[in-house]
> 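Questions regarding the structure given below will be posed in turn.
Per chain, numbering begins at 1; letters A, B, ... match sequence-line order.
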Amino acid sequence: MSLFQARFDEAVWQIIANIPLGQVMAYGEIARAAGFPRHSRMVSKAMSRSTKKLPWHRVIRSDGSLAFPLKSEEYETQKARLMSEGVLMLNGKVSAAKTEPDDLDALIWGPES
DNA sequence: CCCTTGACTATCT
DNA sequence: GAGATAGCCAAGG
C-alpha cells in the first residue's frame, strides 16, 4: 500500500467517523476536511479499503443523491439507515439533516404558502 | 509510458 | 432541472 493511501485513508476515515448522527457529508466535503481538496473520487476507495466500522451511509453526493445505483442492495440499505436516523429524502435526494418538528412544514412545503 | 476506471463535481445546455 | 461535458487524480493493467 502506497504512502499516499496510508495517510489519505487515515484522514478520511477520521472525518467520516466524526459525522454526527442524522447528518450527511458529500465526498468532496470530506476530501476537503481531510486536507485533500481535489480527491473526492478517492474517498470512495478509502471507504472500500476500510476495515473499521464507519457510518458510510452518511456519505452522499454533493447534489444530495446517493452514489449507488437505484436498485442496488447498497442503495436501499443506505436509504433505510438514513431515514432511520431522521434524514429526510425527497425524490431520491437528501433534503435535510434531522430537524425540529417546527421546521418540517417549512422544509416540506416551503417557506411560502 | 499510455489508457482506463471510478461510491465525484462544477458548469453549461 | 435532467443530461452532457470537461476537469479531477491515484491505481492498476
Side-chain angles (χ1 to χ4, degrees):
Chain A
M1 172 176 285
S2 73
L3 176 58
F4 175 85
Q5 283 183 343
R7 284 192 294 160
F8 184 77
D9 287 3
E10 202 52 46
V12 166
W13 296 344
Q14 159 87 305
I15 299 298
I16 296 176
N18 284 315
I19 302 176
L21 188 148
Q23 285 210 257
V24 295
M25 245 188 219
Y27 295 86
E29 292 180 280
I30 292 169
R32 210 179 324 119
F36 300 83
R38 320 265 178 105
H39 294 64
S40 57
R41 306 190 84 136
M42 307 288 103
V43 173
S44 58
K45 301 194 180 205
M47 293 168 82
S48 301
R49 285 194 297 268
S50 174
T51 51
K52 312 183 197 313
K53 294 171 193 168
L54 293 174
W56 59 270
H57 55 281
R58 308 214 254 254
V59 183
I60 64 176
R61 291 212 187 98
S62 60
D63 67 356
S65 62
L66 307 188
F68 293 104
L70 268 173
K71 31 185 189 291
S72 70
E73 201 61 42
E74 288 112 313
Y75 183 95
E76 295 303 333
T77 303
Q78 183 171 17
K79 179 178 176 180
R81 288 202 190 173
L82 285 175
M83 295 191 78
S84 77
E85 293 186 358
V87 176
L88 289 175
M89 287 204 61
L90 268 41
N91 283 338
K93 303 235 181 137
V94 170
S95 68
K98 187 172 190 176
T99 57
E100 296 307 314
D102 286 339
D103 298 324
L104 289 182
D105 285 319
L107 279 171
I108 297 173
W109 300 109
E112 316 307 317
S113 91

> Separation of A/Trp56 atom CH2 from B/dA7 atom P, in whole Å?
13 Å
> Please name the pair of heavy atoms, one in A/Gln78 and one in A/Val59, separated by the smallest distance, quoted to 0.1 Å.
NE2-O, 2.9 Å
> Should the ring pair A/Phe36 and A/His39 be called parallel, tilted or perpendicular, given that the plane angle runs from 0 to 90° and is split at 30 and 60?
perpendicular
> With a 4.5 Å limit on heavy-atom distance, are the side chains of A/Lys79 and A/Leu66 in contact?
yes
> If the C1' atom of B/dC1 is compared with that of C/dG13, how far apart are they to the nearest Å?
12 Å
> Output yes when at least one side-chain N/O atom of A/Gln5 is less than 4.0 Å from OP1 or OP2 of C/dA11, else no.
yes
> Protein-nucleotides 3-5 of chain C N/O pairs closer than 3.5 Å?
none

> Can you sort out which residues in residues 27-47 of chain A have a heavy atom within less than 4.0 Å of DNA chain C? Ascending by number, please.
A/Arg38, A/His39, A/Arg41, A/Met42
> Is the number of heavy atoms from other residues, nucleotides or ligands under 6.0 Å of A/Asp63 CG greater than 12?
yes
> Spell out, as yes or no, whether a donor-acceptor pair under 3.5 Å connects the side chain of A/Ser50 to the backbone of A/Ala46.
no
> Check the distance between B/dT9's P and A/Met25's CE and give it to me in whole angstrom.
13 Å
> I'd like to check the salt bridge (Lys or Arg N to Asp or Glu O under 4.0 Å) partners of A/Arg41; sequence neighbours left out, ordered by chain and number.
none
> Rounding to an integer number of Å, can you tell me how far A/Arg7 CZ sits from C/dA10 P?
11 Å
> When the distance from CD1 of A/Ile16 to P of B/dA7 is rounded to whole Å, what number comes out?
14 Å
> Before accepting this row, confirm whether a basic side-chain N of the pair A/Lys71/A/Glu76 lies closer than 4.0 Å to the acidic partner's carboxylate O.
no
> Counting only side-chain N and O atoms of A/Ser2, is one of them less than 4.0 Å from OP1 or OP2 of C/dA11?
yes
> To the nearest angstrom, how far is A/Leu3 atom CG from C/dC9 atom P?
18 Å
> From the set B/dA10, C/dA2, B/dA7, return the single nucleotide nearest to any side-chain atom of A/Lys93.
C/dA2
> Quick one: A/Phe4 CZ to C/dG12 C1', roughly how many Å, whole number?
15 Å
> For A/Arg49 and B/dG6, give me the distance from atom CZ to atom C1', rounded to whole Å.
12 Å
> Tell me if the CZ atom of A/Arg49 is crowded by more than 12 foreign heavy atoms within 6.0 Å.
yes
> Side chains of A/Glu85 and A/His57 only: does a donor on one sit below 3.5 Å from an acceptor on the other?
yes
